[in-house]
Structure formats: C-alpha cells, structure tokens
There are 2 protein chains.
Amino acid sequence: MKIATYNVNGINARLPLLLQWLKEASPDIVCLQELKAPQERFPLKEINAAGYQAIWNGQKSWNGVAILAKNREITEVQRSLPGDPEDLQSRYIEAIIDQMVICCLYLPNGNPYPGAKFDYKLSWIKRLQRRTNQLIKMELPAILIGDFNIIPEPIDVYKPERWENDALYRIEVRKAYKELQKKGWMDSIRTLYPEEKIYTFWDYLYKAYDRNAGIRLDHILLSPFLSPQLQSGGVDRHVRGWEKSSDHTPVWIILDRSSKP
Amino acid sequence: MKIATYNVNGINARLPLLLQWLKEASPDIVCLQELKAPQERFPLKEINAAGYQAIWNGQKSWNGVAILAKNREITEVQRSLPGDPEDLQSRYIEAIIDQMVICCLYLPNGNPYPGAKFDYKLSWIKRLQRRTNQLIKMELPAILIGDFNIIPEPIDVYKPERWENDALYRIEVRKAYKELQKKGWMDSIRTLYPEEKIYTFWDYLYKAYDRNAGIRLDHILLSPFLSPQLQSGGVDRHVRGWEKSSDHTPVWIILDRSSKP
DNA sequence: GACAGGTGGG
DNA sequence: CCCACCTGTC
C-alpha cells in the first residue's frame, strides 16, 4: 500500500503534471494540498479518468486539500480541523480508507514572524494536537500527512542560520513537531533515513532547485498502530525538475498492511 | 518583394507562432500591430535570430507597432502620426525601406459609438489623411499598411446588418476609407479579388473562426507610384487556426520591384 | 517565481 | 475569449 502527499500549488495549473506523476508512481492513496481552486473547480473528471476516487475541500484562490484513492472506498469523517468554527480556511480533510484514518493537512505558513499569521499557525497547531491526541488515545491506525510548513531539524534545511526567525523554523513550531513524535507519531521518512539531508520543497526563486537550496516541509507521520507496518519510503525529487512543476515535490511511503499486529 | 501585415495581439504571447509564420511565409517586410509591450520588452534577439532587422514603437499594455525587414536597411522617418503632440498612443511608425515609404498603422478601434473613443478615431483618421495626402502630392512610392479597424464594404463582413452602429463599420469611417482610395491609394487585396468574401479577423468569442464569422480589417494600400507593381497577394487564413493564434491573421502582397515606371 | 483572480481593453 | 498588468500569497 503506497501512500503519498503532494503540495500541487494549483491543482488546475498542475493537472497534466499530476496525472503524469500518478501514472508513473501509481500510489494507492494521495493527499494533495494547495488546490487553489473553489469546490466546483476541482478537476474530478480527469482524476476519475486516471483511476482515482476523490474527496476535497476547496476554497477560492488559496489553500484547499484533497484525498485521492485508487480502487478503494473513501469515507469522509471531517472536512475541517475541529476547535474553531470561525476558521474558514480549507486546510484539513480527514477520511477512513482501508481501515486507516487519513488526516490530510495544510498547516498555515505563519510568516511573517512575529504577527497575527504566526499566532494563527500556533493556534492551528494546538487544535491539531487536540485532534491527534484523541486519535492516539483511541489507538486508531492513523496517518498525519501533508504540508506541515515545519522544518523539523537543522538537517532539514540547506542553511539553518538563515531561517532562525522564519515561521517554518521557529522553535515554537519545531517543539510542537517534537511533541507529536513524543505522543507516538513517527516521522516515517526521517525514521527510514536517520542521517540524510532530505528536502521536499525548493523555492521558485534564485534557482533554488539547481542549487539544491531546499527544505523538508512535507511529512508522513504514523500512529503507533501503523508504524510497525512501515516498509519503505522516499521523495520523488525528479518531479520538482519537470517543466511547470510545483515548488514542492511528492513524498511517499509503503506500508505492509498484511503485517497487522 | 513580399510585404505583409499582422496584428499579433501581444508580441510576447505570440512569439513562437510569429517565428513559425516568418519561417514558412518568409516575407521581406512585415508590419506588426498590437505589440502590447513596452519599448524595452520587444523580443529583438529572437526577431534578429529569425533573420530580421526591426524598428518599433512600444507602449505598456496596449497598442504598439513595429516594422521588420529581412536583409534590408530600415530608415525610420516618423514614430508617431503628425498632428497631435498630446496623442501618446503608439499607433504609427513610418520608415523607408528599399526606396519605399512604409506607413505601419494601428488605427483606433473607436468603440463604443457614439462617444469620445469614436471621436478620437475620427480625428486620428483626419491626421492620417493629412499625412497620406502629402505622400500622394509628393508622388512618393508609399504603402499604408496595418490594422485599419475599418470594414470597407458589406462584402467585408459576415453579417453587415449586425454591424450598423459598430465603430468598425460606421458610415463615417467607411467614407474616409473610400476617400483614401479616391486620392489614389489602392486597396491591393480588394483589387486582386474584386468579388470574394475575404476576412482577416475572427473574434475569439463564440467560435467565430469555426463559423467563419469574420471581418476584413487589415489592409495594404498602395500609392499610385507602386500600384502598377502589384503582382499578387493573399490572406494566410490557416494561421488563425493555429494553437494560441491572434484573433487577426497575416495579410500579404508581392510587388514586382523591377517594373519601376 | 509562480499561482489565482480581478481589471481594462478589444 | 484572450491579451497585459496589478495584487496578494507563499
């Protein structure tokens, strides 16, 4: 069972490239972020034609998340992160697929720091912690997956000193990420590659991809029930080099679902 | 000697297609309209690489005209239509190439009628008449070429009755066009094909090209000195069918320059 | 640097 | 319907 995440930065601008990648990577479950399309402009027809079912949470111009599944039923359980009914940003969608809870998230960027946007990021993280603590308590097989907009460690950024006061690298959000891990959420890519420099995002500016000036923002975290099933994983780095690419690139893992405890 | 006019509707958006057409049509002189680029964003490098010299009169966002010549010296003589120093729109450029005066023009559209824009069109035409009368008086070999935004006759529009109060077809501007002809300017395409329905523009909307709902707006007028040299001419209609085409299509004539009187 | 979306123009 | 250009976002 292959599960992937991809911040597409505009689902309609990215559609040909997304379909190309779906064909070559053939993931079973895909979480998308930054659709940048209102609910009615999600390209369902083309996604269906590629062999995927989909649920999504659209928004005009910004944000927007989706979950795709190949030959599998998707049961939507949440289409916003509980805890603030006044939060209208489409950054969260949760579903059950193949007996797993899939939490697809697009965590706020939070820049500039300090400021209201950073505060919003912190409060969003608090709500995420409440939700994810519940999932742990209930001992559910669950996955937190998506664009966390958090650089977890110095190894995850090409030049840590430049990022000290960036909302992606601030101590507060890195602490929160560590907190998730303490509660039992396993960072699959870092677990598979404990010492490698691995990036999932390269800025469009300043030829960041050519210089490999990247950062690691897109994560797949497994609940204790699922972490023993982790078999392999990786970053489809080459997709970032494609013509008309997103500034992020897909990240994936493979779970051995037969090895249920 | 092949001389052509093409309203490109955005020189930079149209560049690949323009280069394609230059290669296949190989005109000696080309007049372009609606560059929609400021002076410094004219793609001179690519035009040069295609084998053409160029002069142009750019403007941010709108208008803009250029004259291209292959293996020929271009001597610019005017970069605006005389008669109104307060007119800042880039709609006219005049040059001498191969002993001919080339007047490349992008006449104002004039819609809506009635109104200030239509008045501007009429006053622009007055200035054009003054300039072109001078050229006739001086018995110069000259060409008026470009997007006139004038539908000369009922035969030049797919449905004349729909256009009665459109600035492109108003009696005032059609009269002015006839006046030019009376002064000696010869409409080369209409002379070559006296009875054919010939269009040079099809609207992007309502599949106008598929329905052949076109109009004839782009003209090549020859002064009495040059009209005897007219050999052939045509409209490169197929270019309008290309992917990412302008709403206009190129018009061209061939002059026999050896037959000077 | 690239996205969406709005504008003014045709 | 498509152009350029502006803004806001990341």
Given that A:Ala13 and A:Leu205 both sit by DNA chain C, which one's nearest nucleotide is further toward the 5' end?
A:Leu205
Under-4.0 Å side-chain N/O to phosphate OP1/OP2 contact, B:Arg41 with D:dC5
yes
Can you see which heavy atom on A:Leu221 is nearest to which on A:His219, and at what distance?
CD1-CB, 3.7 Å
Using a heavy-atom cut-off of 4.0 Å across all strands, would you classify B:Pro38 as base, sugar-phosphate, or nothing?
sugar-phosphate
Using atom types as modelled and distance alone, determine if a side-chain donor or acceptor of B:Asn48 lies under 3.5 Å from a backbone N or O of B:Tyr52.
yes
Whole angstrom value for the distance that separates P of C:dC3 from CD of A:Gln33
17 Å
Phosphate OP1/OP2 of D:dC10 contacted by A:Lys117 side-chain N/O (<4.0 Å)
yes
Rounded distance (Å) that lies between atom P of C:dC3 and atom CG of A:Leu15
13 Å
Would you tabulate the side-chain donor-acceptor contacts of residues 55-66 of chain B under 3.5 Å, counting partners in other chains and residues two or more places apart, or write 'none'?
| residue | atom | partner | partner atom | Å |
| --- | --- | --- | --- | --- |
| B:Trp56 | NE1 | B:Gln39 | O | 2.9 |
| B:Asn57 | OD1 | B:Ser90 | OG | 3.1 |
| B:Asn57 | ND2 | B:Arg79 | O | 2.6 |
| B:Asn57 | ND2 | B:Tyr92 | O | 3.2 |
| B:Gln59 | OE1 | B:Asn63 | ND2 | 3.3 |
| B:Gln59 | OE1 | B:Ser90 | N | 2.7 |
| B:Asn63 | OD1 | B:Arg91 | NH2 | 3.3 |

Whole-Å distance separating the CZ atom of A:Arg211 from the P atom of C:dG1:
11 Å
Whole-Å distance, B:Tyr120 OH to C:dG9 C1', equals 14 Å
Value in whole Å for how far the C1' atom of C:dA2 lies from CD of A:Glu243
13 Å
Inter-residue atom distance B:Leu180.CG - B:Thr132.OG1, 0.5 Å rounding:
5.0 Å
Rounded to whole Å, please give me the gap between CG in B:Asn7 and P in D:dC3.
13 Å
Determine the minimum heavy-atom distance between B:Ile3 and B:Ile220, stating which atoms define it.
O-CD1, 3.9 Å
Interface residues of residues 54-65 of chain B with DNA chain D (non-hydrogen, below 4.0 angstrom):
B:Lys60, B:Ser61
Value in whole Å for how far the P atom of C:dA2 lies from CZ of A:Phe201:
12 Å
Tightest non-hydrogen contact, residues A:Arg240 and A:Tyr209, listed as CG-CD1, 3.4 Å
Select one nucleotide: of D:dC3, D:dC10, C:dC3, the one nearest the side-chain heavy atoms of B:Lys36.
D:dC3
Candidate nucleotides C:dG1, D:dC10, C:dA4, ranked by approach to the side chain of A:Asn12 - the nearest:
C:dA4
Between CZ of A:Arg14 and C1' of C:dA2 the distance, given in whole Å, is 8 Å
Could you pick out which residue, B:Glu34 or A:Ala37, lies toward the 5' side of DNA chain C when each is mapped onto its nearest nucleotide?
A:Ala37
Would you compute the distance between atom OH of A:Tyr199 and atom OG1 of A:Thr249 and round it to the nearest 0.5 angstrom?
15.0 Å
Among the nucleotides C:dA4, D:dC5, C:dA2, whichever has the atom closest to the side chain of A:Tyr204 is C:dA2
